[in-house]
There are 2 protein chains.
Amino acid sequence: MRFSRLFAPTKKESPADAEIPSHKLLTRAGFIRKVASGLYDILPLGTRVILKVEKIVREEMNSAGAQEVILPIMHPSELWQESGRWDVYGKEMIKFKDRHERDYALGPTAEEVITDLVRKEVKSYKDLPLNLYQIGRKFRDEIRPRFGLMRAREFIMKDAYSFHTSDEDAEREYWNMYETYSRIFKRMGLEFKAVLADTGEIGGNFSHEFLVIADTGESKLVYCEKCGYAASTEKAAQRRPQVPEGRATKFKEVEKVHTPRIRRIEEVSEFLKVPQEDILKLLVYVVDGKPVAVAIRGDREVEETKLKNAFRAKEVRLATDEEIEEFTGQPKGYLSPVNLSIPVYADYSVIPMVNFVAGAGEEDYHLKNVNWGRDFEVKDFIDVSEVRSGEPCPECGAPLVQKRGIEVGHIFKLGTKYSQAMGATFVDEDGQEKPMVMGCYGIGITRVMAAAVEQNHDENGIVWPFEIAPFEVIVIPTNVKKDEIRSLAEDIYENLKREGFDVLIDDRNARPGFKFKDADLIGIPFQVIVGKRAPEGIVELKVRKSGERFEVEASKVGEKIRELLNSEV
Amino acid sequence: MRFSRLFAPTKKESPADAEIPSHKLLTRAGFIRKVASGLYDILPLGTRVILKVEKIVREEMNSAGAQEVILPIMHPSELWQESGRWDVYGKEMIKFKDRHERDYALGPTAEEVITDLVRKEVKSYKDLPLNLYQIGRKFRDEIRPRFGLMRAREFIMKDAYSFHTSDEDAEREYWNMYETYSRIFKRMGLEFKAVLADTGEIGGNFSHEFLVIADTGESKLVYCEKCGYAASTEKAAQRRPQVPEGRATKFKEVEKVHTPRIRRIEEVSEFLKVPQEDILKLLVYVVDGKPVAVAIRGDREVEETKLKNAFRAKEVRLATDEEIEEFTGQPKGYLSPVNLSIPVYADYSVIPMVNFVAGAGEEDYHLKNVNWGRDFEVKDFIDVSEVRSGEPCPECGAPLVQKRGIEVGHIFKLGTKYSQAMGATFVDEDGQEKPMVMGCYGIGITRVMAAAVEQNHDENGIVWPFEIAPFEVIVIPTNVKKDEIRSLAEDIYENLKREGFDVLIDDRNARPGFKFKDADLIGIPFQVIVGKRAPEGIVELKVRKSGERFEVEASKVGEKIRELLNSEV
């Protein structure tokens, strides 16, 4: 491909609404353009990346035994009504009527459509297992689309659905997909972690997220370098601490102290010269409509997904200031667990606490030397705090590491949720009719492109992993008006193409600095700079990622690139 | 791929609503399944065909210099309002509101979205020409979806849009696309014709349709085997006949004859013993609201698209019986051009007519020996009849051939319709700001699959062209329980894969007749039947299309297939 013919409008400025590197860089480097809120054109460079991502996904899914299908985007409401999700999916699902006033949705996910297909066509255990996938457009009407491709309203997903005769077979396929996803993201050259995850709205009983590690990620994960445990912080378990031996013998007498206008934990800590770990934080939540007090160690944060799961609740939210007063009769900022009218649930972090500080239940006062068990009842100890770096691994006790990541894949063992709701049954070997056991497996294709950029960029632009780069090599003649330079560059371009590389030549009549800037911004892994030493047949090979430069004989550029690629692995 | 794992649910019966072979066979052979009216799941076999079709299209478009992009399916209404098409596109366009009550359409075509992109990014003649294409889902809410994939509400299209500095350059690209499309359909192994076509709602000033020849096609075309002229019958021109020399000298006296209850041309012809060519058919049309009489030779039919274009009208329709009475004061079936109160336009076919029969303007009477010019005025001679087999080619006069075809591609020279409406301008070399000149080029990807089946099938099933077949070869062991048969079949399967063929092995434990039926139905071009002579290492190679069978040494199957493929070309 010739740069002079490539539609890659690069820009100096980032779009005003861009908050994260991938949104800024993909726009500046001419990979995407915004059409409207949450809607993007993917330009030729971006499309090349997407097609490479899709190719890897397709190859690995096929070789794992899955079969590709193409399902409609328009989903008839009847199917969603059968599964019970038509009314519960919420405003993220785009609904519309056709010319005959029948209801449809733009598919945000395809459990209903695929289950409908399979229940009609599969009758016997002989036709199972089955793993069907599609690669295509999905729609979610985000209330506030942002971060470019990261949270768009229209995006490309690979979604796969598997059907099985038994739970064991569904689990076998789950791990088959786990391995397949690991191969996929590895082939893409991305640093990622597969972590235990919450199952969320999709439902089911087991799930892993695949996160691309990046500081800008919206998700947090912890992992153990010793035993390999890895989990989303929405799911990561705290190791339950022991109650300290002879705890009651250490109890001191409760003391009421004046703490005027001192409310927040940090203020209390500073004012009373007490570390945050010795202060009890008390929060009032509304759990499926009922008020509940949650106690947690002062330096910890409640992870709301864990809270929701601890109560098997549909909805949890913090109570408003008015609700707190109404439910407890106490002022916010000075809430006390002592004599509280609503039940107190305490996070595991509270178990080892002795003689701690808590609110006094009245304005401007706190209590010292409070102890659970003596001064108030804990209804139950629950695991609801966010696990952080340094905390013990729940499996082996070694210190965990917390990082941020971007969710690019998610696998679920669904069980029989959809097959039971929609009557997707089969006749088993024993003649019995049973519901199929299902799994589902998604990869955000457009998201992978954005996540790759979040993980791989520097101050000059994008640094594409080789396997998903829009081009693998760019040949840059520094001056196309000089015959020796231009013709050597053209020769190298042709040779590299013949050797099987995906090559771009910057044949534009422009200053070298301008071309170098574009090459760095676009992020092509290898730059072949044809300049001053062209008459000798010597060119410069620059590695975009490391910045390394090598003087190479023109005829040996391909060889050198392959050598560098091999040494990288 | 193993048949035992392939999700290809074949059926003995066709769906009740299937009217044409492709709908029946694609359903029976397990390529598609209906989800709802006009919406289909494309199963693994169908998806394999679609991916092969897409690959050919992509390769040829890229090598023709076009660049692939991915545009959103959700189109903001603002863009369609700018082009003026939001209100005129009609009910075929699916419209909906997002959660913020903003209007969107599901793109039926993408002129607006692409023009919006290009006007923002292209400012100079230096950035032109540009040809951008996408392959993706399109939506048209057909009032009566039918014929399976042929007229579905959701379908896959390749749509390309080009932008140019001049009309000449747009025309150069038009012919580039013409050649590209010809290569594409040729590579797919389809018999097709590129025909001059009407531009329809897309607008523009020049257009060709690519029709796959098939008796079941909805479109009609004529072509000249001598000079190569080819046109859709909606567009095909009649050669304008000469007025016969000394015409007036042949005129006879008008004679009124009693024709009780004789109204239709065939009845009049039989009753009066006059050939249909000597009877004038008179029709009343409403052209953009105004009544007009159209005279045509009795054996000809009015082609309404030609009529619409002859009047440069937005809408033409036949008048109702009541309107005919109201406009002319004459009874339907006996309409006379003589003393008619509305203008008479006559098709070219009327020019040579002399002493013809026409209605008498009163119930139960006709006139003989009527002559235009003497008995009534022709306001204008226009070319509005459908051209048929045997009529002279408008270019060279040789007899034309009429066939039916299925539209699978359409190319348009759009001119500046969209660029002017949407302000897509560039600064030319001379410093002047000018509107870009555009072209657009579509291929119906899912339609290609259906059209290929319409053209290539027999009583046993589909007969896929090699290039777009779901598999190229199927290996059929007649009895998988016999080791010698099974293991030879497996060897051949592995060898053919190694040789680069796309192979399916029917490893199912089933009767040979059952397997043969499925193989024929699915339509894989080559069948390798491993049966009785397996112990000798001899297998049978059956060509699906011709039914030819060859006894071949197991090790030479691939060679023989290649030989047959080469001899076919």
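Computed from a prediction, not measured in an experiment: that's the story for all the values here. FYI, side chains are in, hydrogens and waters are out, and symmetry mates aren't considered; it's all heavy atoms of this structure.
Residue Ile32(A) does not touch chain B at all, counting heavy-atom pairs closer than 4.5 Å. Only the side chain of Lys120(A) comes within contact range of chain B, with heavy atoms under 4.5 Å apart. Contacts of Arg99(A) with chain B are made by both backbone and side-chain atoms, with heavy-atom separations under 4.5 Å. If you measure heavy-atom distances from Tyr40(A) to chain B, the contacts under 4.5 Å come from the backbone alone. Contact of Leu128(A) with chain B is made through the backbone alone, with heavy-atom distances under 4.5 Å. Residue Arg33(A) touches chain B through its side chain alone, counting heavy-atom pairs closer than 4.5 Å. Heavy atoms of Lys34(A) lying under 4.5 Å from chain B belong exclusively to its backbone. Residue Ile73(A) touches chain B through both its backbone and its side chain, counting heavy-atom pairs closer than 4.5 Å. The contact between Ile50(A) and chain B is made entirely by side chain atoms (from C-beta outward), counting heavy-atom distances below 4.5 Å. Heavy atoms of Glu78(A) lying under 4.5 Å from chain B are absent altogether. Of the atoms belonging to Arg58(A), it is side-chain heavy atoms, and not backbone ones, that fall under 4.5 Å from chain B. Both the backbone and the side chain of Pro44(A) have a heavy atom closer than 4.5 Å to some heavy atom of chain B.
In terms of non-hydrogen atom pairs under 4.5 Å with chain A, the most contact-rich of Ile156(B), Leu117(B), Val35(B), Leu43(B) is Leu117(B). Considering only heavy-atom pairs separated by less than 4.5 Å from chain A, the leading option among Gly136(B), Pro129(B), Gly30(B), Ser4(B) is Pro129(B). Here Leu132(A) is the residue among Ile114(A), Thr446(A), Asp116(A), Leu132(A) with the most heavy-atom pairs under 4.5 Å with chain B. Across Leu39(A), Ile94(A), Ile42(A), the residue that shares the most heavy-atom pairs under 4.5 angstrom with chain B is Ile42(A).
Between the CZ atom in Arg102(B) and the OG atom in Ser37(A) there is a gap of 6.0 Å [rounded to 0.5 Å]. With rounding to the nearest 0.5 Å, the separation of CE in Met436(A) from CG in Asp169(A) is 13.0 Å. The CD1 atom of Ile522(B) sits 8.0 Å away from atom CG of Asp506(B), with the distance rounded to the nearest 0.5 Å.
Checking each of Met1(A), Lys497(A), Arg48(A) against Asp502(A) for a side chain to side chain contact (heavy atoms under 4.5 Å, CB included) leaves exactly one that passes, namely Arg48(A).
At least one cation-pi condition fails for Arg140(B) and Phe155(B): the charged atom is not both under 6.0 angstrom from the six-membered ring centre and inside a 45 degree cone around its axis. Taking the ring centre of Trp86(B) as origin, the terminal cationic atom of Lys95(B) falls inside the region bounded by 6.0 Å and 45° from the ring axis.
Crowding of Arg511(B) atom CZ: a count of heavy atoms from other residues, nucleotides or ligands under 6.0 Å not exceeding 12. With a 6.0 Å radius and a threshold of 12 heavy atoms from other residues, nucleotides or ligands, Lys97(B) has its NZ atom above the threshold. No more than 12 heavy atoms of other residues, nucleotides or ligands lie within 6.0 Å of NZ in Lys126(B), so this atom counts as exposed by the packing criterion. Atom NZ of Lys55(B) sits in a sparse spot, with 12 or fewer heavy atoms from other residues, nucleotides or ligands closer than 6.0 Å.
In this pair, Phe96(A) and Tyr104(A) present their aromatic rings parallel. The plane angle is below 30°, not in the 30 to 60° band.
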Checklist line | Worked verdict on Asp159(A) versus Tyr161(A) for side-chain hydrogen bond (donor to acceptor under 3.5 Å, both in side chains) | finding: CA-CA 7 Å; Asp159(A) 46 328; Tyr161(A) 306 88; 2.6 Å; yes

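Two residues are said to be in side-chain contact when any heavy atoms from C-beta on lie closer than 4.5 Å; Lys138(B) and Leu106(B) fail this criterion.
Contacts from residues 64-72 of chain A to chain B, taken as heavy-atom pairs separated by less than 4.5 Å, involve Gln67(A), Glu68(A), Val69(A), Ile70(A), Leu71(A), Pro72(A) in sequence order.
Taking every heavy atom of both residues into account, Met449(A) and Gly46(A) meet most closely at SD-O, 3.7 Å.
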